[in-house]
Amino acid sequence: MPELPEVEVVRRGLDRWVSGRTVAEVEVCHPRAVRRQTGGGLDFAARLTGRVLGPARRRGKYLWLPVDEAAGDRRSALLGHLGMSGQLLVQDPAVPDETHLRIRLRFTDGGRELRFVDQRTFGHLAVDDLLFDGPGDAQGLPAALAHIARDPLDPLFDDAGFFTALRAKRTTVKRALLDQSLISGVGNIYADEALWRSKLHYDRPTETLTRPLAATLLANAREVMTAALAVGGTSFDSLYVNVNGESGYFSRSLDAYGREGEPCYRCGTPIRRAAWMNRSSYFCPRCQRVPRQRAY
DNA sequence: AGACCAACCTGCTGGC
DNA sequence: TGCCAGCAGGTTGGTC
């Protein structure tokens, strides 16, 4: 469940069903799922067993739950990224194991267990050190996330700083939107949606973006992700689900992504799909034109 | 230093 | 029916 709205849906589920519970047992079924853990699966399990998981937090597409926060231990957190196909499910222990079950956490209360299920294993879990900015920082940030920018739904996101960095980048606008060190949480779907709403071509050089255009783009990214979050995120199939295995409804509200050959909702021109960086870009060839000042 | 993209995986779909 | 190419919501390490 890849992009910000889908990850936020999962964060809320973890906060409701997992936070406050004590880990009884950790089972790592596939070593690739803990490949970022220095010390491997044994270390991962040792750093969680017997510990209490705190409130679920998120930055961009990353999730984490502080470990033993209530007990005054402010040093580590269970960190997760869902990659392309990862799921975090809160599942009754009686439910048979999923085909791609990678990690299982059992709890001391004997209730529903937490399962990390990931078909392609691009996602991962790890226990990471929490870094604190100073006495005023009550929450901290996992060390591995030092290079991840705040996401646009974060109240502390720096709009002015984003505009400046965007203009300074020697790149094109969709690359910039997907650059998690510039702005996090935006992926291929919401990048295409924000660009469509802004009438911007994905290959437009960032240096040609005026401040009002950049502001419009940012506002549209916020709007489309907020709207998606309100209906549980985007899901085309059962691969992208919340902690209870349920899909969101935003796929029916997409204006560009996945609509190749279908009419643009603004002008009726068929939406086009272009191969782009080993993936796809969906856009309206009439509403979203490459500006003339550069040949592409 | 900064930009780029191949590689990491599994499964599904559509064309031949 | 079978096979194979192409595609999928992301990130990174290595290269230039």
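Proteins come first, then strands; the chains are lettered A, B, ... in the order of their sequence lines, and each starts at number 1. Note that this is a predicted model, so its numbers are computed, not measured.
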In this structure, how many angstroms lie between the [atom2] atom of [N] and the [atom1] atom of [X], rounded?
| X | N | atom1 | atom2 | value |
| --- | --- | --- | --- | --- |
| Y190(A) | dA8(C) | OH | P | 16 Å |
| D237(A) | dC7(C) | CG | P | 18 Å |
| M84(A) | dA8(C) | CE | C1' | 5 Å |
| Q87(A) | dG10(C) | CD | P | 16 Å |
| M277(A) | dG9(C) | CE | C1' | 15 Å |

Can you give each donor-acceptor pair under 3.5 Å made by side-chain atoms of residues 118-127 of chain A, sequence neighbours left out, with the distance rounded to 0.1 Å?
unit_1: D118(A); atom_1: OD1; unit_2: S85(A); atom_2: OG; d: 2.6
unit_1: D118(A); atom_1: OD1; unit_2: G86(A); atom_2: N; d: 3.4
unit_1: D118(A); atom_1: OD1; unit_2: R120(A); atom_2: N; d: 3.4
unit_1: D118(A); atom_1: OD1; unit_2: T121(A); atom_2: N; d: 3.2
unit_1: D118(A); atom_1: OD2; unit_2: G123(A); atom_2: N; d: 2.9
unit_1: T121(A); atom_1: OG1; unit_2: R102(A); atom_2: NH2; d: 3.3

Exercise for review: Given side-chain hydrogen bond (donor to acceptor under 3.5 Å, both in side chains), test Q91(A) with E98(A) step by step and report yes or no.
Suggested key: CA-CA 10 Å; Q91(A) 201 74 287; E98(A) 293 76 8; 2.8 Å; yes
Name every donor-acceptor pair, under 3.5 Å, that has one atom in a side chain of residues 265-274 of chain A and the other anywhere in the protein, sequence neighbours excluded.
unit_1: Y265(A); atom_1: OH; unit_2: R259(A); atom_2: NE; d: 3.4
unit_1: Y265(A); atom_1: OH; unit_2: R259(A); atom_2: NH2; d: 3.4
unit_1: R266(A); atom_1: NH1; unit_2: W196(A); atom_2: O; d: 2.9
unit_1: R266(A); atom_1: NH2; unit_2: W196(A); atom_2: O; d: 2.8
unit_1: R273(A); atom_1: NH1; unit_2: S280(A); atom_2: OG; d: 2.7

Check your understanding: Mind checking what makes side-chain contact (heavy atoms from CB on, under 4.5 Å) contact with N278(A), not counting sequence neighbours?
Key -> none
**Study point:** Under the side-chain contact (heavy atoms from CB on, under 4.5 Å) test, residues paired with R16(A) that sit two or more places apart
**Key:** none
Only distances under 3.5 Å count here; give the side-chain donor-acceptor pairs of residues 49-57 of chain A to other protein atoms, sequence neighbours excluded, each with its distance to 0.1 Å.
unit_1: T49(A); atom_1: OG1; unit_2: A45(A); atom_2: O; d: 2.7
unit_1: R51(A); atom_1: NE; unit_2: D68(A); atom_2: OD2; d: 2.5
unit_1: R51(A); atom_1: NH2; unit_2: D68(A); atom_2: OD2; d: 3.4
unit_1: R51(A); atom_1: NH2; unit_2: D73(A); atom_2: OD2; d: 3.0
unit_1: R57(A); atom_1: NH2; unit_2: E69(A); atom_2: OE1; d: 3.2
unit_1: R57(A); atom_1: NH2; unit_2: E69(A); atom_2: OE2; d: 2.4

**Study point:** Gap in Å between the two C1' atoms, one belonging to dC12(B) and one to dT11(C), rounded
**Key:** 23 Å
Check your understanding: Rounding to the closest angstrom, what is the interatomic distance between dG9(C) and dA3(B) at atom C1'?
Key -> 24 Å
Review point. Any side-chain N or O of Y257(A) under 4.0 Å from OP1/OP2 of dG9(C)?
Key: yes
Study note, to complete from the structure: Outer limits of DNA chain B sitting under 4.0 Å from a non-hydrogen atom of chain A, read 5' to 3', are dA3(B) to dG11(B)
Study note, to complete from the structure: Here the salt bridge (Lys or Arg N to Asp or Glu O under 4.0 Å) pairs for residues 144-155 of chain A, sequence neighbours left out, are R58(A)-D151(A), R150(A)-D154(A)
Under 4.0 angstrom, heavy atoms only, what part of the nucleic acid is [X] near: base, sugar-phosphate, or nothing?
| X | result |
| --- | --- |
| S280(A) | sugar-phosphate |
| R35(A) | nothing |
| N188(A) | sugar-phosphate |

Point to revise | Sequence-distant partners of R59(A), side-chain hydrogen bond (donor to acceptor under 3.5 Å, both in side chains), two or more places apart | key: none
Exercise for review: Mind running a 4.0 Å heavy-atom check of residues 116-126 of chain A against DNA chain B and sending the residues that fall below it, in number order?
Suggested key: Q119(A), R120(A), F122(A)
Point to revise | Shared-cluster residues of F132(A), by chain and number - hydrophobic side chains joined below 4.5 Å | key: Y62(A), W64(A), L79(A), L130(A), L141(A), L145(A), I148(A)
Exercise for review: Please assess T234(A) against Y190(A) for the test side-chain hydrogen bond (donor to acceptor under 3.5 Å, both in side chains), listing each intermediate value before the final yes or no.
Suggested key: CA-CA 10 Å; T234(A) 300; Y190(A) 298 108; 2.7 Å; yes
Exercise for review: Return the 5'-most residue of the pair A168(A), H30(A) with respect to DNA chain B, ranking by each residue's nearest nucleotide.
Suggested key: A168(A)
Review point. When every nucleotide of nucleotides 11-16 of chain C is labelled 5' to 3' by its protein contacts under 4.0 Å (heavy atoms), B for base, S for sugar-phosphate only, - for none, what sequence of letters results?
Key: BSS---
Point to revise | Same apolar cluster: V7(A) and L182(A), side chain cutoff 4.5 Å | key: no
Check your understanding: Parallel, tilted or perpendicular: which describes the rings of F236(A) and Y257(A), with under 30° parallel and over 60° perpendicular?
Key -> parallel
Point to revise | Contiguous Watson-Crick or G-U pair runs (3 or more, under 3.5 Å) in DNA chain C | key: B:2-8 with C:10-16, B:10-16 with C:2-8
Check your understanding: More than 12 non-hydrogen atoms from neighbouring residues, nucleotides or ligands closer than 6.0 Å to CG on L131(A), yes or no?
Key -> yes
Practice item. Look up atom CZ in R289(A) and atom CG in D203(A), then write down how far apart they are to the nearest 0.5 Å. Key: 16.0 Å
